[in-house]
Amino acid sequence: MPTKRVCCVNMSRADLVRAGQGTLLFLLMAATTIIKPRNRPSALQKPPNFFECDLNRWTQSDSGAPCWDSPAFECATCVDGGGGGDGCQCGIQKAALCVECGTNQCETECIPPTLAPTSKPICKYNRFTAHWTGEACWFDSKLSHCARCHAGGCGCGSGNPYVCKDCSDDSNNECATKVACVPDSKFTNKAFVPPTLYRGGKKSRGNDYGGTRVRSLPSYKNWYISYDWDWELNDTVLADFHQFHLVVLHHIYFKGSNAKMMNLLRRIQVGSDGIKGTADDVAVLMYISIGEQSPSSPLAVGSTIVTGDGSGPVYFTDGHRQYNNTNIAPFYIGNNDKLETHGTWGGYYIDTRDAQWRSIILDEASHWIDDIGFDGIFLDAPEVGDPWNGRGWAADGILDVIRDLDNAFPSTLLLLNRGLFYFVPHYSYQFDFNPAKYIDFVLFESFQFGSDYGDDEYKSSPYYKSNRDFNLPKILAELSRPDSFAVILQLDYFKNPSNAASTPVFGDYIADLAKYGALPFLTDKEVSRASDVAAQSLPPDADAPTWSNTSNGFNICDKNATFYNVKGMELPYDSPARVGARQVIRYTNIFDNSISVRWDLAVDQTRPIRYNVYLSNFEFNLDFDSSNQVDVDSSLSSHTLEDIHTNALLGGVTLVFPNIHSAMPTNYKGTDYKCGGRTFLNGEEVYPFEWTLSGLPSGTYSIVVRAEDSTSSVKVTNSGRHGPNGGIEEVNIEHIQFMVLT
């Protein structure tokens with residue numbers, strides 16, 4: 001049973017939970033002895049209170065196949081149902097048992113009398129192969145079942161993905177060998193798509209904004225988070241929860257049987273009317289640490305070092321992951337037997353690309369989502385791959401684990417806590433693993449006010465200008481792409497959050513958030529109290545979008561940078577807004593009838609922002625009167641004009657392309673990590689959005705880009721007008737003239 005920790009004065013509870021209390025919840029399938037591969041007993045003992053039974057209909061044989069969770073050992077061979085249902089192994093803890101795939105029957109099925117794995121490991125490797133699986137495949141980045149290589153070893157490829165060869169030897173002799181413990185293809189597919197028994201099975205939501213996640217998010221207007229564990233769910237606390245649309249809780253609340261936890265959760269979810277499925281329902285998310293194993297846990301693992309296949313820990317040298325083979329799991333980051341830990345709380349840093357760790361996270365998520373009924377997961381500790389502390393090479397794994405969760409639970413909500421550098425193109429390596437398309441919310445902690453307020457009511461963060469001018473515009477750009485839409489949540493600290501509204505800084509604080517559409521939450525450093533819900537809700541939106549600037553960059557070069565570790569200093573300053581259309585470019589020459597228009601970010605309280613393009617023949621004025629416009633379908637990132645539209649252009653009609661789906665320009669991401677490339681050095685030349693138009697007849701044209709918010713049936717009170725999509729459109733007339741000769 002977890003104990004309450006009291007320590008660390010002046011540290012926020014968010015920091016405490018992130019690393020000290022942020023737990024690894026490893027859901028044991030039964031109360032059996034954990035088998036450590038390097039120290040295996042000759043036979044497993046049956047746990048008490050289990051009766052012997054015959055093999056069930058999902059188990060073909062009690063042996064004969066590698067265990068999915070420890071492939072060096074032998075487990076049951078499962079039935080291939082041929083369309084009538086397949087069997088899946090329970091794993092080494094119930095080595096002789098298979099159950100129906102996609103169920104939790106491993107917890108309830110009796111254990112057969114024969115549970116002994118083979119007495120010797122069945123794997124045989126060549127000298128370049130560290131382990132037969134667990135590494136991303138060089139020939140297909142979507143696959144993660146290829147061999148893990150020693151220094152100097154390279155994967156053989158799709159013909160024999162479980163073997164490594166000498167990188168300097170082109171003969172491929174080693175690639176002709178077969179690793180003894182590799183399962184057949186049918187088993188491999190079951191084990192690695194993805195490699196765990198429990199899976200989410202809820203129906204998918206409808207997709208209303210073109211994202212990869214099948215999302216149809218309700219209109220969240222406020223949210224709540226608490227790491228306080230000293231409350232009971234009485235009517236007063238329940239009424240507090242019911243004020244909010246989204247609630248994030250820590251696992252420490254939920255003790256006892258599954259039935260008891262489910263009852264607590266349902267009482268929150270149904271809202272004040274007590275009826276599930278109505279407008280006042282509350283979406284509740286559970287905390288999971290994805291990038292650190294915490295030193296304490298309410299379930300089984302806690303501070304225990306996991307053995308896994310014994311090939312760990314992992315370290316990075318000469319551009320590759322290397323493994324120490326010191327009888328611990330390969331997902332721990334370290335060298336020899338020294339593991340890297342969080343400097344304050346002691347949590348073990350994790351290489352989340354490892355398939356074994358990702359399986360643990362999926363099982364934990366399944367426990368909270370499938371067994372208990374949470375609406376989603378709060379993903380903590382993604383900073384293991386940050387660009388500043390020497391572990392930036394691990395950034396690829398954070399994308400892997402988030403993508404796994406998205407694939408396994410497409411109908412649930414995913415909230416990423418921090419890790420904002422993944423959205424910033426200046427950190428070019430981390431930016432390659434941007435998870436925007438897989439998440440629903442991003443939390444920006446200490447945006448303006450930090451938790452180190454001491455005896456004062458609040459303390460402004462020294463990083464506020466950097467947060468506002470350098471980070472936030474770039475983050476919003478990534479969360480505004482056609483395949484991405486996430487709500488920005490903001491967490492700031494006040495000593496007495498219930499009095500925050502009376503402080504002199506509060507009005508400007510709320511106005512600032514309304515400008516960007518971020519939902520605030522004000523709490524104390526223990527994350528145990530909140531301001532009044534009315535005070536932290538944004539006012540009604542009647543304003544048109546405003547233009548921002550994503551060009552702020554570093555003010556120094558870091559000549560000692562590596563491709564994954566950059567220590568440049570951010571340059572925060574108040575850049576002028578870059579309004580409307582900024583560039584028209586051709587990828588070939590003036591005789592090409594295709595052009596691409598580029599523009600910067602627009603911001604508004606009511607996201608997503610829709611961008612509308614207006615195009616006219618230069619002999620005629622751009623006409624924004626809808627009576628002299630033709631709307632053109634622009635659902636793709638490029639569009640080719642039809643004859644009817646070219647004739648309209650030549651006749652003086654303004655073409656309108658509403659809600660265009662933009663692409664990312666090829667030069668937006670930095671290319672020189674030592675100095676930032678063009679993104680940093682020539683900010684005026686680089687923009688986050690681009691749209692291509694083809695089929696233009698010869699002539700001279702004017703083009704305008706306008707931004708429109710997602711309000712509906714709102715009376716416009718400030719500058720702006722109702723746009724072609726029904727929202728409020730700003731009215732800039734910044735136009736670019738260009739010529740086409742065909």
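Computed over heavy atoms, backbone and side chain alike; hydrogens, waters and symmetry mates excluded. Computed from a prediction, not measured in an experiment: that's the story for all the values here.
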- Less than 4.0 Å between a side-chain N and a carboxylate O, is that true for Asp400 and Arg403? yes
- Message: Using the side chain to side chain contact (heavy atoms under 4.5 Å, CB included) criterion, which residues pair with Arg267? Sequence neighbours excluded.
- Response: Leu233, Asp235, Leu238, Asn263
- Query: By side chain to side chain contact (heavy atoms under 4.5 Å, CB included), which residues pair with Val270, not counting sequence neighbours?
  - Reply: Lys276
- Partners passing ring-ring contact (aromatic ring centres under 6.0 Å, His included) against Phe431 (at least two apart in sequence or in another chain): none
- All side-chain hydrogen bond (donor to acceptor under 3.5 Å, both in side chains) counterparts of Glu734, not counting sequence neighbours: none
- Query: Who pairs with Asp396 by side-chain hydrogen bond (donor to acceptor under 3.5 Å, both in side chains), at least two apart in sequence or on another chain?
  - Reply: Arg321, Arg353
- Message: Would Trp599 and Tyr687 count as a ring-ring contact (aromatic ring centres under 6.0 Å, His included) here? Give the steps.
- Response: CA-CA 6 Å; Trp599 64 95; Tyr687 300 92; 9.5 Å; no
- Query: Taking atom types as modelled and ignoring hydrogens, do the side chains of Asp541 and Thr711 form a donor-acceptor contact shorter than 3.5 angstrom?
  - Reply: no
- Item | salt bridge (charged side-chain N to carboxylate O under 4.0 Å, His left out) contacts touching residues 704-717 (sequence neighbours left out) | Arg706-Glu729
- CG-OG1 distance between Leu399 and Thr352, expressed to the nearest 0.5 angstrom: 9.0 Å
- Message: Looking only at the side chains, is there a donor atom on one of Ser596 and Thr692 sitting less than 3.5 Å from an acceptor on the other?
- Response: yes
- Message: Let's go through Gln269 and Asp375 carefully: what are the C-alpha distance in whole Å and the side-chain angles of both, what is the deciding distance for side chain to side chain donor-acceptor pair (under 3.5 Å) to 0.1 Å, and is it a yes or a no?
- Response: CA-CA 9 Å; Gln269 289 173 321; Asp375 299 291; 2.9 Å; yes
- Message: Determine whether Trp223 and Phe441 satisfy the following criterion, ring-ring contact (aromatic ring centres under 6.0 Å, His included), listing intermediate values before the conclusion.
- Response: CA-CA 11 Å; Trp223 70 290; Phe441 304 91; 8.7 Å; no
- Message: Please enumerate all residues that pass side chain to side chain contact (heavy atoms under 4.5 Å, CB included) together with Ala581, with sequence neighbours excluded.
- Response: Val597, Val705, Ile736
- Message: Pairing donors with acceptors under 3.5 angstrom, does anything connect the side chains of Asn407 and Asp404?
- Response: no
- Partners of Tyr509 by side-chain hydrogen bond (donor to acceptor under 3.5 Å, both in side chains), sequence neighbours excluded? Asp492
- Asn496-Glu457 side chain donor-acceptor pair, cut-off 3.5 Å: yes
- Message: Run His250 and Phe378 through ring-ring contact (aromatic ring centres under 6.0 Å, His included) and show every step you take.
- Response: CA-CA 9 Å; His250 194 264; Phe378 177 89; 9.3 Å; no
- Message: Restricting to side-chain hydrogen bond (donor to acceptor under 3.5 Å, both in side chains), what partner residues turn up for Thr546, sequence neighbours left out?
- Response: none
- Would you please classify the geometry between the Trp388 ring and the Tyr427 ring as parallel, tilted or perpendicular, with 30° and 60° separating the classes? perpendicular
- Query: Does the ring center of Phe449 lie less than 6.0 Å from the ring center of Tyr458?
  - Reply: yes
- Message: So does Ala511 get a backbone contact from the side chain of Asp508, meaning a donor-acceptor N/O pair under 3.5 Å?
- Response: no
- Query: How would you list, by chain and number, every residue that makes a side chain to side chain contact (heavy atoms under 4.5 Å, CB included) with Ala577, sequence neighbours excluded?
  - Reply: Trp547, Val579
- Task: Look at the side chain of Tyr422 and the backbone N and O of Pro382, then say whether any donor-acceptor pair between them is shorter than 3.5 Å.
- Result: yes
- Worked check of side chain to side chain donor-acceptor pair (under 3.5 Å) between Asn612 and Asn725: CA-CA 9 Å; Asn612 308 317; Asn725 305 289; 3.0 Å; yes
- Message: Can you see whether Tyr453 has Lys525 sitting over its ring - NZ or CZ less than 6.0 Å from the centre and within 45° of the normal?
- Response: yes
- Apply the test side chain to side chain donor-acceptor pair (under 3.5 Å) to residues Asp380 and Tyr287: give CA-CA distance (whole Å), side-chain angles for both, the deciding distance (0.1 Å), then the verdict. CA-CA 7 Å; Asp380 198 22; Tyr287 174 103; 2.6 Å; yes
- Taking the side chain from Arg598 and the backbone from Trp691, do they hold a donor-acceptor pair closer than 3.5 Å? no
- Tyr463: partners by ring-ring contact (aromatic ring centres under 6.0 Å, His included), with sequence neighbours left out: none
- Give a yes or no on whether the backbone of Ala602 and the side-chain of Tyr611 come within a donor-acceptor separation of less than 3.5 Å. yes
- Query: What residues form a ring-ring contact (aromatic ring centres under 6.0 Å, His included) with Phe447, not counting sequence neighbours?
  - Reply: Phe444, Tyr464
